[in-house]
Amino acid sequence: GRPPFSESDPGTLAQKQMVAEPVPPQKLNSSIPARLDKLVRWMTQKQRDARPSSAEVLTFLTEETAREVVLAAPLNSHLVGRENESAQFRDLLVKTEESPRSRFIVVSGPSGIGKTALAQSFEHGAKVAGYRTFPLHHHPNMNACAPFRALIEKLSIETEPEQAASDRVTTEGETEIRILIERLVDLVESLSESGPLLIRATDLQWMDEGSFEAYRRLGDLTLSRLIVLADLRTDEQQGYWNELSADLRESGQLVEIQIGSLTPDDEAELTRNLIGPVDSRRFFRKLSRTCRGVPFFVYEFLRNVQQNGELRYRSGAWAWEPDNADGKVPDTVAEHLNRRFERLHADDQELLEYLSVLDREISVGILARILEKPISEIITLIERLEKLDFVGIEGTLTDPVTELRHAWLAQTIRERLSNDKHRAHHLRIAKCLEKDYLKSPEPYLAETLTKHFLEAGSGEKTTEYIWNAVEYLKESRLYRHA
């Protein structure tokens, strides 16, 4: 920041303070929210009567400004709950100097867990330690070795600017890829003589065959001053990474930093960092149930509740008013979850659809009967989906239970279903559970059957089971529930 006026002469400064208009904050910094700009200009009016005199108005503006600030705040600047990983990386920087070969440091975890933010902080730490850094971006469906073609151009500019243009090999094939890889090795060896290097690779799970060979070649280099720092999504199919990681582990060159979900305390600290204190335990319970420790979801959850007007600023803290909630999944989250869902196999998608319709923890045995598949096959599907962070599995070995990871995932999948498919899934579930009820009429099953037959559009069955449920509740003196 800076004062409104910076005149050195006291007389000129006093004159400007009385009559001159200060430069609007947004002209000095375009990222300043409009409400904050308006608040500052209002509070610096020359006439006393023109400045805000009502505490209620000021509180309202402060609330609106805070809302805009959190909507614009970058999540990457809030590394909460990652202190151990940061300390591990600092230690690795020291040890890399003692290593006889290049080192691969891979930050892995599911989507939205904060890999990019953590890797960016590592990259910044390496720059401070004297490393020159070069980006390397992987994308699905790229041409063979395309990321390394771009990297070679950047390395060439650093070493031999006049030769950079000649490194733009546009043809493909095994011969060209070998030429590219050898050129890459020459450039890396040349640059490493003048200082340590860090290649910052993104989305390693999408490496192609040519990139796989390039990484193997970099791994063969006897350079202690080379680090490949990459992030890897564990909830995507990992292709060539499995083979590359096996080779690197065997040679002792791989350090994989796996990051998991935030704890509820971390979620609360992240919330305080982003918007300040929230005076509601119920709010944090809902945040934890919804986000399940994923930083991206925490950020979008906070954006959502503020946009809906669920948070009101009072007495130095936010108060939660859930009656204003619209119940929608944020568009950014829905888009992210839909992309992940669409990349799954048909069998995986079907299982997740049924779990979203069930919308509760369910026995794997019951799920196998609903889907009419062997339990062993269902367990294989669930284990695969658990690794991709779609489901959780608990219970005992003889009676495991499963459910979707979080409410937003269930809601997003349900909203994908057509009306016909929605009714068909509910009917199939209801018919399976009805067999269990006829064998053993458990009261809770009557309520469950009521819900599924209602959603399936079966009025007669709905009426039958709702009366069964009510009669049990009356007998149990649960009159309000009845």
Side-chain angles (χ1 to χ4, degrees), residues 107-115 140 203-206 231-242 245 256 258-262 288-297 300 329 333-418 421-422 424-426 428-429 432-433:
V107 181
S108 65
S111 302
I113 206 69
K115 302 179 301 299
D203 291 313
L204 206 56
Q205 73 281 352
W206 286 328
D231 56 69
L232 172 79
R233 295 186 193 178
T234 55
D235 53 5
E236 300 279 0
Q237 303 299 327
Q238 294 174 21
Y240 290 101
W241 167 246
N242 290 329
S245 62
E256 190 167 359
Q258 297 179 329
I259 58 176
S261 302
L262 299 177
S288 290
R289 286 197 306 270
T290 303
C291 303
R292 295 298 177 95
V294 179
F296 169 60
F297 289 167
E300 293 302 321
V329 178
V333 174
E335 182 182 351
H336 164 77
L337 294 174
N338 276 316
R339 281 200 307 268
R340 291 185 56 212
F341 181 85
E342 288 161 3
R343 288 195 285 265
L344 296 173
H345 298 298
D347 287 347
D348 295 331
Q349 291 182 350
E350 182 188 40
L351 187 144
L352 292 177
E353 286 176 357
Y354 275 95
L355 286 177
S356 74
V357 170
L358 285 159
D359 200 24
R360 65 181 177 87
E361 193 175 71
I362 187 76
S363 161
V364 171
I366 294 175
L367 193 58
R369 294 206 303 277
I370 291 171
L371 295 173
E372 299 177 354
K373 292 180 179 179
I375 289 182
S376 59
E377 185 177 336
I378 296 297
I379 289 176
T380 300
L381 289 175
I382 289 171
E383 287 176 344
R384 182 164 69 227
L385 289 169
E386 184 184 30
K387 289 178 182 177
L388 299 178
D389 206 44
F390 280 100
V391 303
I393 185 166
E394 296 179 352
T396 64
L397 290 174
T398 56
D399 186 25
V401 295
T402 187
E403 65 177 334
L404 294 177
R405 278 289 189 203
H406 47 81
W408 277 347
L409 176 59
Q411 189 173 339
T412 299
I413 295 174
R414 282 197 300 272
E415 289 175 357
R416 294 176 57 92
L417 299 176
S418 66
K421 203 170 192 180
H422 177 87
H425 283 357
H426 276 288
R428 188 170 177 178
I429 292 168
C432 177
L433 296 180

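Under the salt bridge (Lys or Arg N to Asp or Glu O under 4.0 Å) criterion, Glu335 pairs with Arg339, not counting sequence neighbours. With sequence neighbours left out, Trp408 forms a ring-ring contact (aromatic ring centres under 6.0 Å, His included) with Phe297. Applying the side chain to side chain contact (heavy atoms under 4.5 Å, CB included) test to Ser288 and every residue at least two apart in sequence or in another chain returns Pro264, Glu267. Arg292 pairs by the salt bridge (Lys or Arg N to Asp or Glu O under 4.0 Å) definition with nothing, not counting sequence neighbours. In terms of the side chain to side chain contact (heavy atoms under 4.5 Å, CB included) criterion, residue partners of Gln349 (sequence neighbours excluded) are, by chain and number, Phe341, Leu344. Residues forming a ring-ring contact (aromatic ring centres under 6.0 Å, His included) with His336 (at least two apart in sequence, or on another chain): Phe296. Residues satisfying the salt bridge (Lys or Arg N to Asp or Glu O under 4.0 Å) test with Glu403, not counting sequence neighbours, are none. With sequence neighbours excluded, the residues satisfying side chain to side chain contact (heavy atoms under 4.5 Å, CB included) with Ala410 are Ser356, Asp359, Leu404, Arg414. Taking Glu415 as the reference, nothing meets the salt bridge (Lys or Arg N to Asp or Glu O under 4.0 Å) condition, with sequence neighbours excluded.
Side-chain N or O atoms of Arg405 include one that pairs as donor or acceptor with a backbone N or O of Val391 at under 3.5 Å. Judged by distance alone, the side chain of Ser261 and the main-chain N or O of Val294 form no donor-acceptor pair under 3.5 Å. Between the side chain of His345 and the backbone N or O of Asp348 there is no donor-acceptor pair closer than 3.5 Å. Between the side chain of Arg428 and the backbone N or O of Leu371 there is at least one donor-acceptor pair closer than 3.5 Å.
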Exercise. For the pair Leu367 and Leu358, evaluate side-chain contact (heavy atoms from CB on, under 4.5 Å) and give the outcome as yes or no after the intermediate values.
Key: CA-CA 10 Å; Leu367 193 58; Leu358 285 159; 4.1 Å; yes

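Sequence neighbours left out, not one pair with a member in residues 368-394 passes ring pair (Phe, Tyr, Trp, His ring centres under 6.0 Å). Listed by first then second residue, pairs satisfying side-chain hydrogen bond (donor to acceptor under 3.5 Å, both in side chains) with a partner in residues 366-376 read Glu350-Lys373, Arg369-Asp436, not counting sequence neighbours. Legend: ring pair (Phe, Tyr, Trp, His ring centres under 6.0 Å) pairs involving residues 353-386, not counting sequence neighbours, sorted by first then second residue: Tyr354-His425.
Of all heavy-atom pairs between Leu388 and Thr234, the closest is CD2-O, 3.7 Å. Nearest heavy-atom pair, Val107 versus Lys115, reported as atom, atom and distance to 0.1 Å: O-CD, 3.8 Å.
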